[in-house]
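Heads up, the thing below is written out as structure tokens.
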Amino acid sequence: MAFKLILATAGLLEAVRSTAVPGVKTVLVNNVVVPKTKSDFAKNNVTAKWAPGYPKEWGSEDFHYQLNTPDPDDNFNAVVTNDEKYLAVTNGSYVEFIDLDKNATASGFAFQVPEKQLAIGLTIRPATQGGYDVFTGVVSYKYDTPKTTIRQRIGSDLKPVGQPIVYQGSIGAISKQGKLVSPSGYVYDLETTNNTPIATLKGQPDLTDFSFAPDGVHLASVSWHEETADLWNATSGEKIFSFPATKAQNWLTRFSPDGKYVAFALGSSNNTVQIYTLANYTAAPIEIKGFNDWPRYLDWSPTSEQIAIADDGRLRVYNVPSKEVTQTWQVDSTNDYYPAIGISWLDNGNKITWQWRDGKYLYDFESNTEWLWTINNTAHSWGPSTFYLLSKKGYAVTVDGDSTVRFWKI
Ligand SMILES: *[C@@H]1O[C@H](CO)[C@@H](O)[C@H](O)[C@H]1NC(C)=O
Ligand SMILES: *[C@@H]1O[C@H](CO)[C@@H](O)[C@H](O)[C@H]1NC(C)=O
Ligand SMILES: *[C@@H]1O[C@H](CO)[C@@H](O)[C@H](O)[C@H]1NC(C)=O
Ligand SMILES: *[C@@H]1O[C@H](CO)[C@@H](O)[C@H](O)[C@H]1NC(C)=O
Ligand SMILES: *[C@@H]1O[C@H](CO)[C@@H](O)[C@H](O)[C@H]1NC(C)=O
Ligand SMILES: *[C@@H]1O[C@H](CO)[C@@H](O)[C@H](O)[C@H]1NC(C)=O
Ligand SMILES: *[C@@H]1O[C@H](CO)[C@@H](O)[C@H](O)[C@H]1NC(C)=O
């Protein structure tokens, strides 16, 4: 997607720089330079406290994994499977599975990409029959949007099963029921080995983001270029409803986990989040306004009673439907140009993670504790970045932009 591309490019341009960003006040904690905050979450009016030893820098992790020697031109990516059993790492041609119980390499195979093409990105879902579906996009150069997506099924022994299947387009969203929708509006059934779409979203060639309702039938979409927000029947491809025109670059959509609400993030000059109620989607939406530029990223709490929304230099948690702000994290800055991204509620909603620039944050609502893993003044960053929490083993896993996966005991 375009925004990921912008971030990736920014990462490249800033490969060599200091952690101190112009216009952002910083403080030194544990010898780590971190952004000073205007507001840093709180419980009973007491600001969050650092977990012992935090913030921490790359290099002070308990252990890490790399696939090859990290290089700014490489194509590294890594995923922890939902069952927390495996870490999968890829370099754009090969994917290796590491067994997290045994802490050892379990399997590896080469993606069957056409000659002179690259495998970009890594998505893994559990297969109903056991094992996993491993997806990657196929591109001719690193920053291109995938024209096709390859799926390689692997068995419980992690060995490839059958030939890879090629789908048109990139991954828009995948439902729990195993339907994949691509930005060009094709819906595929991943439970079959057929790559013929089971439905085509009628008359919508250019969609930006998708979200499946928990029923796997209702599908919300937004289009940045066409400034539309729609509700579809993913089984038939029929449009159920076109939400009123926003005249804005609609950016992102997310159903609440209970399927009661669907949220749309509106960019351009609107900078609004609209929340419609599915039981009565013709009724006026709840509207949240007052963002620093675009509301860039959002995630629903597992109870669907709260929504976390990020804008430039800030992350706020709102009650739904009251819109009351219950938590705020905000950097102390005269230039807040960098949005918080990567928001995700973890640990059954007891924790939340987000990312700001090269720092990955975690906050625990119960204990009012905060963790931060970040880059130091001499480290370099160039690649994609994600965060996982191994709740059973008690590790935070940071997939860092220097083609390294770090494990931190917490
Ligand atoms: C929290 O602190 C603010 C400002 O110091 C005060 O106005 C407010 O009443 C306090 N709230 C609670 C719940 O103590
Ligand atoms: C900064 O981080 C890098 C990457 O982890 C590490 O190799 C290096 O030793 C660190 N530098 C300092 C001065 O601590
Ligand atoms: C990816 O890693 C595999 C296994 O280490 C290696 O054989 C292959 O050359 C690597 N490919 C690239 C593009 O780095
Ligand atoms: C996992 O293996 C690595 C070496 O590959 C080692 O450095 C690390 O300590 C191991 N972690 C655990 C939890 O055993
Ligand atoms: C979706 O389409 C299928 C197939 O036409 C139909 O059976 C189902 O009732 C539709 N559901 C909704 C919610 O429109
Ligand atoms: C978005 O902004 C445009 C231009 O200012 C305006 O016409 C439109 O009504 C706005 N939409 C919403 C939902 O506020
Ligand atoms: C749906 O919303 C409209 C507009 O607010 C309202 O008139 C109507 O009564 C609502 N319908 C139901 C079933 O709640």
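Note that this is a predicted model, so its numbers are computed, not measured. Hydrogens, waters and symmetry mates are skipped; everything else that's a heavy atom, side chains included, is used. One-based numbering, in listed order, for ligands and for the atoms of each. We number each residue from 1, following the sequence as shown.
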Please write down residue, atom name and distance for the protein heavy atom closest to [atom].
atom: atom 8 (C) of ligand 5; result: Asn233 ND2, 3.8 Å
atom: atom 5 (O) of ligand 3; result: Asn68 ND2, 3.3 Å
atom: atom 14 (O) of ligand 3; result: Asn91 ND2, 3.3 Å

#### Entry: Lys247-ligand 6 polar pair, N/O distance under 3.5 Å
no

### Query
When you check the gap from the basic side-chain N to the acidic O, do Glu238 and Lys202 get nearer than 4.0 Å?
yes

## Note on the structure
Nearest heavy atom to atom 4 (C) of ligand 5, choosing from Val217, Thr235, Leu231, belongs to Thr235

### Query
Should one rank Leu266, Thr272, Asn270 by closest heavy-atom distance to atom 2 (O) of ligand 6, which comes out on top?
Asn270

### Task
Identify, by atom number and element, the atoms of ligand 5 in contact range of His218, meaning under 4.0 Å from any of its heavy atoms.
13 (C)

### Query
Which atoms of ligand 5 are found less than 4.0 Å from any heavy atom of Ser236?
2 (O), 5 (O)

### Task
Taking only heavy atoms of Gln274 into account, list the atoms of ligand 6 that are under 4.0 Å away from them.
13 (C)

## Note on the structure
Atoms of ligand 6 under 4.0 Å from any heavy atom of Glu287, numbered from 1 in the order shown, are 13 (C)

### Query
Given that the side chain starts at C-beta and the backbone is N, CA, C, O, which of these parts of Glu238 lies under 4.0 Å from ligand 5, counting heavy atoms, or is it both or neither?
neither

### Task
Carefully, step by step, assess Lys409 and Asp62 under the rule salt bridge (charged side-chain N to carboxylate O under 4.0 Å, His left out).
CA-CA 7 Å; Lys409 188 90 192 151; Asp62 292 281; over 6 Å; no

### Message
One residue to check: Asn75. Relative to ligand 3, which of side chain, backbone, both or neither has a non-hydrogen atom less than 4.0 Å away?
### Response
neither

### Query
Hey, is Thr246 one of the residues with a heavy atom under 4.0 angstrom from ligand 6?
yes

### Message
Which heavy atom of Phe291 sits nearest to which heavy atom of Asn271, and what is that distance?
### Response
CD1-O, 3.2 Å

### Query
Relative to Trp251, does Arg296 satisfy both conditions: NZ or CZ under 6.0 angstrom from the six-membered ring centre, and within 45 degrees of the ring's axis?
yes

### Task
Report, as yes or no, whether the 6.0 Å neighbourhood of atom CG on Asn31 holds more than 12 heavy atoms from other residues, nucleotides or ligands.
no

### Query
What class does the angle between the rings of Tyr188 and Tyr186 fall in, given that below 30° is parallel, 30 to 60° is tilted and above 60° is perpendicular?
tilted

### Sub-4.0 Å heavy-atom approach of Gly92 to ligand 3
no

